[in-house]
2 protein chains.
Amino acid sequence: MEVNIAAETFAALAQPSRLTVLKELVQAGPAGLRAGVIAERLSVPAPTMSFHLKELSRAGLVQSHREGRSVIYAADYGGLRELIDFLLADCCQGDRRLCGPYVIKESA
Amino acid sequence: MEVNIAAETFAALAQPSRLTVLKELVQAGPAGLRAGVIAERLSVPAPTMSFHLKELSRAGLVQSHREGRSVIYAADYGGLRELIDFLLADCCQGDRRLCGPYVIKESA
DNA sequence: TCCATAATTCCATGATTATCAAAATATGGA
DNA sequence: TCCATATTTTGATAATCATGGAATTATGGA
């Protein structure tokens with residue numbers, strides 16, 4: 001992952017509401033959550049939450065699709081994986097102090 | 001790691017120069033690099049780099065100490081580890097799609 | 001003490017981000 | 001078509017962040 005892209009992705013996580021949303025969406029699993037439910041859960045006005053969801057979407061951390069009158073948001077596991085890979089591979093270049101407890105399995 | 005703290009830490013990584021510095025410091029290892037060398041390597045004016053190094057320091061991602069006329073910056077492996085732990089543990093709640101290839105070893 | 005080097009702080013400027021009311025858009029039913 | 005619901009876009013405002021020249025602080029040597 002290129003540095004500028006990684007920085008943009010980190011920017012998407014640099015806001016408490018967005019970080020909380022991502023956590024909830026990972027917990028919710030592939031079924032995701034409706035936009036309205038997300039805004040209500042975090043007690044954030046709909047337009048504000050819409051702005052944050054758009055940011056997460058731009059960063060490739062969540063995906064969305066319409067279902068009737070609702071829009072369903074779900075975590076984008078691929079995007080999350082790429083970011084974790086960046087931190088582990090690019091930032092921790094085999095240094096045991098940093099990577100020690102983690103092992104990358106041969107076969108995913 | 002609490003969400004607000006995590007968001008602040010991600011904010012420190014949400015800037016290309018800072019992300020690049022962190023990479024170089026991890027590569028440089030515990031010996032670290034002099035502030036002047038860092039600024040020169042990235043072709044960034046000293047005051048600007050000083051600002052970025054302060055941000056990384058506030059976030060607990062780098063440490064510094066004076067050595068004669070120079071100030072040496074080095075990666076803070078503990079801070080980096082905490083952030084990776086947050087992503088793996090807090091965000092990936094045992095979901096195999098996300099955590100599959102990574103294993104947390106019993107004994108660190 | 002005086003000077004050169006190394007780094008930071010100060011400060012002004014421009015750019016980006018976060019917030020949310022009001023308006024607009026999209027969908028499904030009556 | 002008309003209405004209610006669900007969400008997004010618009011637009012204005014305030015707050016935060018990034019940049020770098022000039023001034024300041026810290027250190028070591030002459």
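Note that these values count all heavy atoms, side chains included, but never hydrogens, waters or copies made by symmetry. So you know, we letter chains A, B, ... as the sequences are listed, proteins then strands, and number each from 1.
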Problem - B:Arg81 side, atom CZ; A:Leu87 side, atom CG - distance, nearest 0.5 Å - result: 13.0 Å

Practice task
Report the distance from atom NE2 of B:His65 to atom P of D:dT27, rounded to the nearest whole Å.
Solution key: 13 Å

Problem - Residue mapping more 5' on DNA chain C - nearest nucleotide basis, A:Gln15 or A:Glu67 - result: A:Gln15

Problem - Phosphate-side-chain proximity, B:Lys54 and C:dT9, N/O vs OP1/OP2 below 4.0 Å - result: yes

Fill in the blank from the handout: Rounding to 0.5 Å, atoms CE (B:Met49) and OG (B:Ser43) come to a distance of 9.0 Å

Handout entry: B:Ser50 side-chain N/O to C:dA7 phosphate OP1/OP2 under 4.0 Å
Key = no

Practice task
Specify the separation, in whole Å, of atom CZ of A:Arg41 and atom C1' of D:dA6.
Solution key: 17 Å

Handout entry: B:His52 vs D:dT19: side-chain N/O to OP1/OP2 distance below 4.0 Å
Key = yes

Handout entry: d(CZ, A:Arg69; P, D:dA6) in whole Å
Key = 7 Å

Practice task
Could you check how far CG of B:Leu19 sits from P of D:dA18, rounded to whole Å?
Solution key: 13 Å

Exercise for the section: Measure from CG on B:Leu53 to P on C:dT9 and round the result to the nearest Å. Expected result: 11 Å

Handout entry: Spacing of A:Leu42 atom CG relative to D:dT7 atom P, expressed in whole Å
Key = 14 Å

Handout entry: Nearest to side-chain heavy atoms of A:Pro47, which nucleotide of C:dA7, D:dC17, D:dT9
Key = D:dT9

Practice task
Please report, rounded to the nearest Å, how far the P atom of C:dT17 is from the CD atom of A:Glu55.
Solution key: 7 Å

Practice task
Ignoring backbone atoms, establish whether A:Tyr73 has a side-chain N or O less than 4.0 Å from OP1 or OP2 of D:dA6.
Solution key: no

Problem - A:Gln63-A:His65 side chain donor-acceptor pair, cut-off 3.5 Å - result: no

Handout entry: A:Ala12 backbone acceptor or donor facing A:Arg18 side chain under 3.5 Å
Key = yes

Problem - Sugar-phosphate, base or nothing in reach of B:Ala46, heavy atoms under 4.0 Å - result: base

Practice task
Ignoring backbone atoms, test whether A:Thr48 places a side-chain nitrogen or oxygen under 4.0 Å from the OP1 or OP2 oxygen of C:dC20.
Solution key: yes

Fill in the blank from the handout: The reported gap from CD in A:Glu82 to CE in A:Met1 (rounded to nearest 0.5 angstrom) is 4.5 Å

Completion exercise
Ranking C:dT19, C:dT8, D:dT19 by distance to the side chain of B:Val71, first place goes to C:dT8

Practice task
Can you tell me the distance, in whole Å, between the CZ atom of B:Phe51 and the P atom of D:dG20?
Solution key: 12 Å

Exercise for the section: Output yes when at least one side-chain N/O atom of B:Arg66 is less than 4.0 Å from OP1 or OP2 of C:dT8, else no. Expected result: no

